[in-house]
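Single-structure report; data block below.
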Amino acid sequence: MHWKRPALLAGLVAAATAAIGLVAVLPSAAQNPKEHRTGARELGSPDYGVCRGVDERCYHDWGNFDPAKGYRVLLFTRTAGPRHANLGPALGTGLNPALAANNVVQNGVVALGQKNGFAVDWTEDLAQVSSPNQLFRYNAVIFFSTSRDTLDDAAQTALRQYIRGGGGFVGVHNAFGTEYNWPWYEGLLGGANYYDHGPAQPGTVRVVDRRDVSTAGLPATWQLRDEWYNLVPAPTKVRVLATVDEDTLAEGVEGSMGHPGHGDDHPVTWCQYYDGGRAWLTTLGHDGQIFGDGTTFPGALQFQQMLVGGIRSAAGAAPFCR
């Protein structure tokens, strides 16, 4: 078949126009393929072989703690890998070794305890956490920005027996970058683990459950600068208490290893019963100024209020995960 020149030209013009029109409706997707990316989905719900979730029947009230003796918690900050600056220099051996001014976390938690009716011991010495009987002296154990394989076999066994006997656990910030290869510990964190994070930056924390003692009284939204952890797996069978609004993260939420974030449901604080014990968890707590008076670091007081509520509830001094 032989095409006449005018018809051929008309056909070419029509095709070009259609192509231009196609490009006109697709520029954002072509130029920015991540613009319409949803958050990470289907991250799994591993079975840790224990009773876990928000059902009180998962808790073992075996009389290991006497409220008449008051409330005492143990702050554990040992690192076997990266060490957050707000932990300051590594601590000496024993229980309650000398603290320097730049041991910000340790000094901060001790001060919170003094103001809120619970005593705080602190250590980075494995010998202090190597038996369940040592841990049963405490109503809750706090892991604050521990890292990597921070526990040896004896300490792992002690922690597990302590939790099974009704102990309380509080995991803060890089507690999620700890004991990666121990599935039971991952379950203790709510079936969650740190994967990566984007730039440290200001964002809006949204309180999504105000029934809990740790979030009651907080504003519905508040500002905080932090490392916004992306998680694999993400928590399951827990009561999510607070999330971060990813739309407020001006520098983006995508992490250093490509995690796209969690979309509209990016958890930062939650609680659960686990294997006989209580666990209150938050990925927040990166900056040393988070223990200040809030005048130069917005959100510091809200974080402190939430942390105190989490500690008190995990320790049994207040209703837990309600």
Side-chain angles (χ1 to χ4, degrees), residues 38-48 50-56 58-59 142-143 168-177 185-198 203-224 226-249 253 255 259-275 277-286 299 302-314 318-322:
T38 58
R41 296 290 187 267
E42 300 301 329
L43 295 178
S45 180
D47 182 0
Y48 300 99
V50 304
C51 185
R52 69 184 187 103
V54 297
D55 189 336
E56 292 182 7
C58 290
Y59 182 70
I142 306 167
F143 277 32
F169 180 81
V170 175
V172 184
H173 200 50
N174 208 51
F176 289 87
Y185 179 82
E186 180 179 278
L188 180 63
L189 297 176
N193 247 322
Y194 166 77
Y195 185 77
D196 66 10
H197 63 75
T204 297
V205 176
R206 298 184 301 192
V207 176
V208 297
D209 189 330
R210 307 183 77 176
R211 295 169 296 173
D212 192 72
V213 67
S214 65
T215 48
L218 287 175
T221 62
W222 42 284
Q223 303 304 304
L224 185 70
D226 214 297
E227 294 176 328
W228 305 98
Y229 278 8
N230 295 318
L231 305 163
V232 176
T236 54
K237 299 183 180 180
V238 302
R239 175 164 287 130
V240 175
L241 304 174
T243 63
V244 59
D245 183 349
E246 290 187 355
D247 290 339
T248 65
L249 303 180
V253 70
H259 193 301
H262 296 276
D264 292 335
D265 300 299
H266 190 144
V268 297
T269 305
W270 57 93
C271 57
Q272 65 162 351
Y273 294 98
Y274 185 77
D275 201 13
R278 308 181 185 100
W280 185 92
L281 300 312
T282 184
T283 62
L284 306 178
H286 169 70
Q302 288 81 5
F303 170 82
Q304 292 170 35
Q305 179 179 335
M306 190 171 66
L307 178 61
V308 166
I311 292 171
R312 295 187 72 248
S313 64
F320 179 74
C321 208
R322 296 180 182 175

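The model shown is predicted, which means the values in this text are computed figures rather than measured ones.
- Between H197 and Y229, the ring planes lie parallel to each other; the angle is under 30°, not in the 30° to 60° tilted range.
- Counting only distance, with no hydrogens or angles, the side chain of N230 and the backbone of V253 share a donor-acceptor pair below 3.5 Å.
- A heavy-atom distance below 4.5 Å is found between the side chains of R211 and R239.
- Judged purely by distance below 3.5 Å, without hydrogens or angles, the side chains of T236 and R52 pair a donor atom with an acceptor atom.
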Quiz item: Does the side-chain contact (heavy atoms from CB on, under 4.5 Å) test come out yes or no for L284 and M306, once each step is laid out?
Solution: CA-CA 10 Å; L284 306 178; M306 190 171 66; 3.9 Å; yes
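- The ring pair (Phe, Tyr, Trp, His ring centres under 6.0 Å) check on Y273 picks up F320, with sequence neighbours excluded.
- A distance-only check finds no donor-acceptor pair linking the side chain of R210 to the backbone of G217 [under 3.5 Å].
- For the pair R278 and Y59, the distance from NZ or CZ to the six-membered ring centre is under 6.0 Å and the angle to the ring normal is within 45 degrees.
- One distance of note links CG of D212 with CG of D209; it measures 6.5 Å at 0.5 Å rounding.
- A distance of 8.0 Å separates OG1 of T282 from CG of D226, quoted to the nearest 0.5 Å.
- Closest of all the heavy-atom pairs between V170 and A314 is CG2-CB, 3.8 Å.
- Remark: T283 OG1 to L189 CG distance equals 11.0 Å, nearest 0.5 Å.
- At least one side-chain heavy atom of P233 sits under 4.5 Å from a side-chain heavy atom of N193.
- Remark: D264 CG is loosely packed, at most 12 non-hydrogen atoms of other residues, nucleotides or ligands lying under 6.0 Å away.
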Practice problem: Starting from the C-alpha separation in whole Å, work towards a yes-or-no answer on side-chain contact (heavy atoms from CB on, under 4.5 Å) for L281 and C271. | Solution: CA-CA 6 Å; L281 300 312; C271 57; 5.9 Å; no
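- The aromatic rings of H266 and H262 lie perpendicular to each other, with more than 60° between the two planes, well past the 30° mark.
- From Y185, atom OH reaches atom OH of Y274 across 11.0 Å, with rounding to the nearest 0.5 Å.
- Distance check, rounded to the nearest 0.5 Å: OG1 of T204 to CG of L249 gives 8.0 Å.
- Here the CD1 atom belonging to I311 is positioned 12.0 Å from the CZ atom belonging to F169, to the nearest 0.5 angstrom.
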Quiz item: Under the side-chain contact (heavy atoms from CB on, under 4.5 Å) criterion, do V208 and L241 qualify, and how do the steps go?
Solution: CA-CA 5 Å; V208 297; L241 304 174; 5.6 Å; no
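- Side-chain contact between V240 and T269 is absent, with no heavy-atom pair separated by less than 4.5 Å.
- Applying the ring pair (Phe, Tyr, Trp, His ring centres under 6.0 Å) test to W270 and every residue at least two apart in sequence or in another chain returns F176.
- When side chains are defined from C-beta on, K237 does not count as touching V54, because their heavy atoms never get closer than 4.5 Å.
- Between the side chain of Q272 and the backbone N or O of G187 there is at least one donor-acceptor pair closer than 3.5 Å.
- The shortest heavy-atom contact between A40 and P260 is N-CG, 4.0 Å.
- P219 has its side chain out of reach of V207: every pair of non-hydrogen atoms, C-beta onward, lies at least 4.5 Å apart.
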Quiz item: How far apart are the C-alpha atoms of V172 and F303, what are their side-chain angles, what is the distance that settles it, and do they pass the side-chain contact (heavy atoms from CB on, under 4.5 Å) test?
Solution: CA-CA 11 Å; V172 184; F303 170 82; 4.3 Å; yes
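- Residues T243 and V205 are not in side-chain contact: their nearest non-hydrogen atoms beyond the backbone lie 4.5 Å or more apart.
- Between W280 and S214, the side chains place a donor N or O and an acceptor N or O closer than 3.5 Å (distance only, hydrogens not considered).
- Using a 4.0 Å cut-off between a side-chain N of Lys or Arg and a carboxylate O of Asp or Glu, R206 and E246 do not qualify as a salt bridge.
- Below 30°, between 30° and 60°, or above 60°: for H286 and H173 the angle between ring planes is between 30° and 60°, a tilted geometry.
- Shown here for P235 and P267, the closest heavy-atom pair between the two residues is CG-CG, 3.7 Å.
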